[in-house]
Each structure stands twice: as C-alpha cells, then as structure tokens.
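Working notes, beginning with the structure itself.
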Amino acid sequence: MPSETAEREEHMAKLYVNENKKKGRINPEIYGHFSEHLGRCIYEGLYVGENSDIPNENGMRKDVVEALKEIKVPVLRWPGGCFADEYHWKDGIGPKESRKKMINTHWGGVVEDNSFGTHEFFELCRQLGCKTYINGNVGSGTVQEMSEWVEYMTFDGVSPMADLRGKNGHKEPWKVDYFGVGNENWGCGGNMRPEYYGDLYRRYQTYVRQYHKDAPLSKICCGANVADYDWTEKVLTTCGPEPSRFMDGLSLHYYVTPGGWEKKGSATQFNEADWYITLAKALYMDELVTRHGAIMDKHDPEKKIGMIVDEWGNWFDVEPGTNPGFLYQQNTMRDALVAGITLNIFNKHCDRVKMACIAQMVNVLQSVILTEGPKMIKTPTYYVFHMYKEHQGAELLESCLEGSGETGDEQTQVPALHESVSVSEDGTLNITVANLSLTEAQEVEVVLTERKGEEVSGSILTGGMGAFNTFAEPDKVKEEAFTGAVLTERGVKFTIPACSVVALRVR
Ligand code: AHR
C-alpha cells in the first residue's frame, strides 16, 4: 500500500524550472497601458484640470498617478484607439481657452474641449515616469499633419513646429519612444484593405522623421484584428521584401467577449459556464501570437519587428445606467484571471512580443483603476499588474507544468494552472501561477534544477469568481501576503486556492 506521503506526492502538480534555459528578456513594455479620449478615461480618470477640487499636480489626479506609479507603468499609448484617426493634434495645443471644442462623435457624443493635448500627455508621462507611445492619424489626417506633429514633439532646433512648441511654453523637445502610424485601419481607421494600408504605411512613415539620431522613435505599423492572418501577410508583403526597413513593430488587437460581440454579457453577473468560456477565450491569445508570429518569422526571420499587442482585455456590457459610448465596466476576479493568463502568455512569447497595452487604463473596459468623482478604487486587474511587476526586464526561464490537469465544465475545458517564470538581474526567481479552477485547490511543487532555494516570499489575490471592489467596499479584493509557500529539498511547495493568482519570489 502506498504511504500517505507518496500518494500526496503523486497528486501534486510539478512546476519544473530550468535556469539553464534563458529564453530572452521580458520587455517591460509588455506591461503597458492604453488611454483614449473615451468616456472617463482621460477626463476625470487621469486629468481633472488645474482648477479642480480633486487634488492634482498640473491637472493630473494625484491619487491615480500615485497608484499607477506603484505598478511601474512602463509605457502609455495615447490618444486612441478609434479616436486617433479623428484626432487633429493642433486642436489640442496653445492656450486652453482658445482650443477648439467639438463632439467626440465616436465615443458617447460628448463635448471634447481639447484641454488635454500633447503638452498634457507628456506631463502625465513625466509624472508616471513612463515611456511615450503616440498614435498618429492616417484615417482622416494628412501626411503633412503627421509629419508636423513629429516635428513639433521632437525637433530640437529652428523650425516652424519647434518654434511653435517654444511659443506654447516647451522649448525643449520631448522624447517619443513609439509612434503608431494609424489605428485599426482595417476598421474605424479608414476601412482599408491591407495592400492599400500597406502602401499608405510606406508613405506616411517616410515623413515620420528621426530627429534624435541617438534616441530614435520606434515606428508601429497597424496590424491585424484577432485572427486576420491575411492582413498580417499582405501588409508585410506590401512593406517587403524587408519590412523591418520601414517598421519596428506590428500591432495586434484582441478583446475577450464571452458571448461574442452581440452578447458580451455582464461584467459582474455571470455563471460558471461564463467563467470558463471567458478564460478559454483569454487562452486563445497564445494561438494568435503563435500564428501571427509564424507569419512574421517568414518576413522577418531575425525578429527585428516586435509584435505590439496594443489593445487587449475583456469587453463586457457597460454598467447599467451608464452611457453606452463610455464603455465603463466593473472588474472582478474573472478579470484578474484573464490578466494573469494573458501576461503569462506575453512573457512566454517575449522573443516576439515587445509591447502590450491593456485597454484601458482608467474607467474604460478592463481598467486597473475606477473613479467616481474624487473617489478611486484599485481593481483586481490592478493587483495582478502589481504582483507581476518583477517580471519587467527579467529573463524568461523555461518552465513547464506537469500533472495539473484540466478543469472546466461540460462545454469548456481549460488547463487548471497557468504559469510563467523569470529571473531578475539579482538572481531572484519570479514565479506567477494562476489557478483557473472555480472549485479545486492544487498542491504544487516547484522543482528547481539549478539551485536550492534559500528564501521564499509571495503574495496572493483570491476571492469568489464574481468578487469585485466598489466605492463603498474598496478592499474586498486585494493582494495579500502569501505565507503558504515552504522551501523543500528540490524547490518550493505550496497550495494554490481555487480561483486565485499567486506570485512567488525565490532567492
Ligand atoms: O478600446 C476601445 C476601442 O477598441 C478602440 O478605440 C479601438 O481601437 C478598438 O476597436
């Protein structure tokens, strides 16, 4: 008869970590964010103006900026989204009282007073200490308009645009780290066909000048929607034979909609079947990255072009009673699991995925922060970004799970656990594991091939499947210290509760 210990060993999932197989650096930008002129993301969420009663520094909310600094935001994308291809940057510079007011036709039909423009965006990024990703207008803008924007932002010398920038109070040029040449040009950005966009891309990007030779901006070409592999193939062919001459990145957009676009479903009222279908759809990101990546490998075998997943996340029905054009949704443990899985996938594809931006930063779709007037809450997704932050800039390690099996219901089966592992410069191992099961805790043994762990610490995010934070109860779901991990001869042992995300640090 097998002993009790042997039986437990048998049921224990194994997570093998091979420190001899370093698989590339996890670009910090994989943990990036997206902020659009949409609903209450920019206005109220991030920017309240200098005269607001809400405490602010140069118009940026202090509480929100403080919270965002804690998750080490590496890069911020702005001003859209669909808004980018309708945005005319000159409307958003100069004295605020004389900036044009207009209707944001795309999002909610509200007045856009352009009080947040180029100068305010760079001020926000300065306060966050993050890189800048500006998305230009191809759909309804001219080559000249795009070219002048780049000159306005980055030219250091005598020129009409640099002079105008000086007149508007910023003599020094800014650093634009990434510049997107259009957004979703297969859809809201002009309904173009790939060959046509590919040609336009070649033309527009020519005039996105590199004014800083030692700090060039990276040019991002508009990539595919979900599984539109034909778009990837044709855009790269049109920009060939060596597309890396013209682009540093190619984007990809994928949103998880549990019931499809027609029946997205509530963010908070859902059942077990919705839980598993949502997680299965989040796991689909792996196939998308793999298959688009294979096409990119054909055109760019040396992997000079980064895959830029600059819009990802859950898209549910808006909260009842809110403007349908504002895309405001709550955020539960289900969102936390989707974030944990997706970030693990990006880590594991860090040889090709060089940036990813969750949609969106505040008050829109799968946000990390929600606000209501002067109040602010951190969402479950926020805590996942906080728990995963040590992966930023670390080296991905080969890892694999054995014996954790599958979980789900009659319709949908998903792996019970999902992980990624990296090693920081100081030698600390960062292990992030998500338990996708709604019912089963799992015992896990991390088997380290190259070291005997000396110290382990960690944190956990857990709660019922629909648990979320409200303005009345802001701390219902929050990251807590995880003390359940113990060192063993071979590594570390712990039990991961059902429906949770755990981050361990092993020295
Ligand atoms: O994130 C909301 C919208 O989704 C963006 O504006 C657009 O690019 C995408 O379709």
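Start at 1 and go down the list; that is how both ligands and their atoms are numbered.
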What orientation do Phe385 and Trp312 show, parallel under 30°, tilted 30 to 60°, or perpendicular over 60°?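 Parallel.
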Name the residues with a heavy atom less than 4.0 Å from ligand 1?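 If the criterion is a heavy atom under 4.0 Å, then ligand 1 touches Phe34, Glu36, Leu38, Gly81, Cys82, Trp107, Asn183, Glu184, Tyr255, Glu311, Trp315, Gln360, Leu365.
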Tyr47: partners by side chain to side chain donor-acceptor pair (under 3.5 Å), with sequence neighbours left out: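 Side chain to side chain donor-acceptor pair (under 3.5 Å) check on Tyr47 returns Lys96.
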By side chain to side chain donor-acceptor pair (under 3.5 Å), which residues pair with Lys476, not counting sequence neighbours?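 So Lys476 forms no side chain to side chain donor-acceptor pair (under 3.5 Å) with any residue.
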Check the pair Asn137, Trp89 against side chain to side chain contact (heavy atoms under 4.5 Å, CB included), reporting the backbone distance first and the verdict last. CA-CA 9 Å; Asn137 178 349; Trp89 67 272; over 6 Å; no
Which disulfide bond (SG atoms under 2.5 Å apart) pairs, counting each pair once, include a residue from residues 72-127, with sequence neighbours left out?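 Found Cys82-Cys188.
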How about Asn331 and Ser367: does a side-chain donor come under 3.5 Å of a side-chain acceptor?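 There is no such pair between these side chains.
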